[in-house]
Amino acid sequence: MKEIRLDSPLNGQLIELKDVKDPAFASGAMGKGAAVKDPDGKVYSPVDGTVTVLFGTKHAIGIHAEDGADILIHVGIDTVNLGGKYFDAKIAQGDTVKKGQLLLEFDPEGIKSAGYDKITVALGDKEITTVTAEPAEEAAPEADAAAASAEPEEDYSDLPKEERVAKLIWKYVGGHDNVRSAEHCATRLRLIINDKSKLDAKAIENIDGVKGQFFAAAQYQIILGTGFVDKVYDAFVAGTGLAGASNNKAEAYAQMSMAQKISRTLGDVFVPIIPVLVATGLFMGLRGACLSLGVQFSDNVLRMSQILTDTAFAFLPALVCWSTTKRFGGTPVIGIVLGLMLVAPQLPNAYAIAAGEAQPIMMDIFGLSVPVVGYQGSVLPALVLGIFAAKLQKWLKTFIPDVIDLIVTPFLTLFISMILGLLIVGPIMHWIELAVFGAIQTFLALPYGVGGFIVGGIHQVIVVFGVHHVFNALEVQLLATTGVDPFNAIITGAIIAQGGAAAAVAVRTKNKKKRALYVSSIVPAFLGITEPVIFGINLRLMKPFLYALVGGACAGGIAGFLHLAGTGMGITVLPGTLLYLDHLPQYILVNVVGFAVAFALTFTLFNPEKEDEA
């Protein structure tokens with residue numbers, strides 16, 4: 001067993017074998033090596049040796065190198081069917097050749113016009129452990145990036161792990177001039193890149209400590225894992241002007257699609273609210289579990305528990321309006337006051353109206369009778385009003401003199417926004433809200449769990465496209481209007497399914513280093529974080545991702561069939577257990593089905609030893 005280094009036999013873009021659209025080559029069954037995309041039509045000998053095979057169709061050449069390795073150069077996919085057309089051999093079988101000698105000329109455009117792929121592969125025999133390839137002197141510069149991924153990391157081996165990873169990321173990301181801004185979330189380093197062509201994504205993915213990388217929401221995101229990402233970020237921005245850079249989100253927004261912008265905006269609004277709703281949900285789950293076990297509460301204790309569980313939803317418009325106003329650049333305290341106006345005690349309570357215990361206040365405006373009510377538990381009126389107030393405040397500041405700005409601007413913002421919110425925006429948005437969320441509730445409640453099956457099957461696809469934050473508004477509204485969140489129960493099955501598929505890949509992987517890396521990516525999935533397993537394992541290998549979608553659909557279908565719903569949102573899988581203390585067996589069943597189906601399909605139908613040659 002040995003390793004050889006093979007010069008590229010022709011000019012073109014060097015790519016990995018796994019990207020070749022032919023299973024025999026891509027799986028490594030015919031040997032290890034590399035492929036050249038968009039070849040220029042001339043094949044040179046990559047070694048000194050003897051031509052052992054020259055097919056009559058001239059599309060493939062075998063060479064026995066002087067060091068004992070057997071090399072196969074295969075031009076195109078299925079080009080044997082051309083019968084030698086478009087090929088001109090410059091050597092014959094049995095000839096001795098020198099490195100760099102012209103072996104074959106072919107017509108790439110002729111091959112393409114005949115309907116065949118002109119990609120060319122160079123393979124070493126299966127007794128060779130690794131074939132690393134670098135382009136010959138005249139090779140296309142695009143190949144440099146692929147070759148760079150084989151560069152050793154020993155230069156930084158004496159540094160702490162986080163510093164070594166940070167320096168290697170800088171090395172392969174294209175240098176300091178190629179990073180516009182940097183930030184990080186719970187698991188990922190997020191970069192805005194100036195020139196993507198300077199990025200060596202494969203080399204970054206091969207760094208020890210990196211669990212995956214991908215572009216999403218206009219950001220280059222490198223998965224590092226909880227805790228470790230903080231250390232790498234600190235080392236990455238040390239000595240640069242990137243620390244605390246405030247333009248990362250703005251740069252990312254500028255490059256997003258409209259759907260991504262809407263989703264990310266909703267995420268920015270609702271994510272700050274989620275911790276409060278999670279805590280409220282935990283209180284509700286704990287109280288429900290106690291009541292189901294027959295625990296009796298005194299009136300005062302029950303009242304105190306209701307304060308814990310009901311306050312956030314009673315004043316939900318204040319939370320939403322505060323977060324929205326802040327997100328759009330207005331004064332947050334103005335948002336809080338506007339939100340409180342929507343639930344002022346002088347207005348008929350929305351819950352009382354729904355129960356038939358109160359009636360709306362009818363006001364005549366230009367001959368129209370407009371119902372004025374409180375908006376307890378509503379989301380859209382507060383969301384739209386917060387946006388309007390922030391924009392109005394910034395517009396007023398453009399012409400109101402600074403000397404009276406402190407008094408006049410808040411007064412006009414509150415007055416105009418209140419009138420608009422209670423008489424126009426509120427009624428219209430509330431009507432739209434009832435229609436939209438009524439339709440969604442009907443869909444989730446479809447018989448036999450059909451709605452849950454569909455949502456569970458597509459949820460992680462939506463996560464991949466980065467528009468899953470749009471569901472935050474849905475979950476908040478479901479909790480506010482019904483007190484429970486069936487959507488949470490459905491997506492927890494989709495999340496654990498991704499972990500199940502990745503676990504099957506890890507079990508079937510013989511390489512200890514890869515298995516350890518896979519396991520470290522799987523653990524966050526049991527805590528409700530799927531990005532490491534999606535982008536580090538399942539999506540890269542594709543089939544496990546698809547099998548996980550099937551597992552998520554099955555789990556979601558069962559959750560829908562059982563009408564399972566959590567008492568809160570924001571946490572799933574193991575932490576989410578706290579939201580289902582009064583329906584724990586059903587919740588465990590949903591998670592077991594999601595994991596088991598994805599694991600069984602992946603373990604049975606996918607062999608990483610054959611299909612993961614990365």
Side-chain angles (χ1 to χ4, degrees), residues 183 185-186 190 216-219 221 248-278 281 312-313 316-330 332 335-336 338-339 342 375 377-391 421 425-426 428-430 432-441 443-444 455 458-481 485-488 490-491 494-495 528-531 568-572:
E183 64 179 11
C185 60
R190 298 168 176 261
Q219 293 178 317
Q221 304 185 23
N248 202 336
K249 286 187 178 181
E251 296 285 357
Y253 272 106
Q255 301 178 40
M256 289 180 186
S257 65
M258 182 55 66
Q260 289 175 326
K261 289 179 179 179
I262 294 173
S263 175
R264 182 52 59 89
T265 298
L266 290 174
D268 291 342
V269 169
F270 288 101
V271 166
I273 301 173
I274 288 177
V276 174
L277 301 182
V278 168
F313 295 108
L316 182 62
L319 300 177
V320 174
C321 202
W322 158 76
S323 187
T324 306
T325 304
K326 181 180 179 181
R327 162 61 182 82
F328 284 89
I336 293 176
L338 279 175
L342 293 177
Y375 293 97
S378 289
V379 172
L380 284 184
L383 181 69
V384 174
L385 191 60
I387 297 173
F388 174 81
K391 300 292 185 182
V425 171
I428 294 175
M429 289 298 105
H430 189 54
I432 294 175
E433 184 177 67
L434 291 176
V436 171
F437 290 107
I440 292 173
Q441 284 181 272
F443 175 78
L444 291 178
V455 173
I458 65 173
H459 179 262
Q460 293 299 297
V461 177
I462 296 171
V463 170
V464 170
F465 285 101
V467 294
H468 54 295
H469 295 292
V470 70
F471 293 115
N472 289 337
L474 164 64
E475 293 187 83
V476 171
Q477 184 65 29
L478 286 172
L479 284 169
T481 55
D485 180 9
F487 192 80
N488 179 274
I490 293 171
I491 66 172
I495 290 171
I529 302 171
T530 55
E531 284 87 351
M569 61 177 289
I571 52 177
T572 53

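We're numbering straight along the sequence, starting at 1. Remember, predicted model here, so these are calculated numbers, not experimental data.
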**Q.** Qualifying residues under side chain to side chain contact (heavy atoms under 4.5 Å, CB included), relative to I490, sequence neighbours excluded
**A.** L444, V455, A559

Q. Does some side-chain heavy atom of L383 sit less than 4.5 Å from a side-chain heavy atom of L266?
A. yes

**Q.** Test item: F388 and V425 side chains (from C-beta on) under 4.5 Å apart, heavy atoms
**A.** no

Q) Which pair of non-hydrogen atoms, one from A494 and one from H459, has the smallest distance, and what is that distance? A) CB-CB, 4.4 Å

Q.
For D485, give me all partners under side-chain hydrogen bond (donor to acceptor under 3.5 Å, both in side chains), at least two apart in sequence or on another chain.
A. none

(Q) Within this structure, what is the CG-CG distance for the pair L338 and L385, rounded to the nearest 0.5 Å? (A) 5.0 Å

Q: Mind checking side chain to side chain contact (heavy atoms under 4.5 Å, CB included) for A382 and listing every partner two or more places apart, or none if nothing turns up?
A: P317, V320, C321, L342

Q: Any chance you could measure N488, atom CG, to L478, atom CG, to the nearest 0.5 Å?
A: 10.5 Å

Q: Provide the closest heavy-atom pair for F437 versus L474 in the form atom of the first, atom of the second, distance.
A: CE2-CA, 3.5 Å

Q | Value rounded to 0.5 Å, distance of CD in Q477 from CZ in F487 | A | 14.5 Å

**Q.** I387: side chain to side chain contact (heavy atoms under 4.5 Å, CB included) partners, not counting sequence neighbours
**A.** T324, F328, K391

Q: Not counting sequence neighbours, which residues clear side-chain hydrogen bond (donor to acceptor under 3.5 Å, both in side chains) with S378? List them please.
A: H430, E433

Q. Which pair of heavy atoms, one from L319 and one from A312, lies closest together, and at what distance?
A. CD1-O, 3.9 Å

(Q) Give me the atom names and distance for the closest heavy-atom approach of G330 to A390. (A) N-CB, 3.8 Å

Q: Mind listing the closest non-hydrogen atom pair of L316 and A480 along with its distance?
A: CD2-CB, 3.7 Å

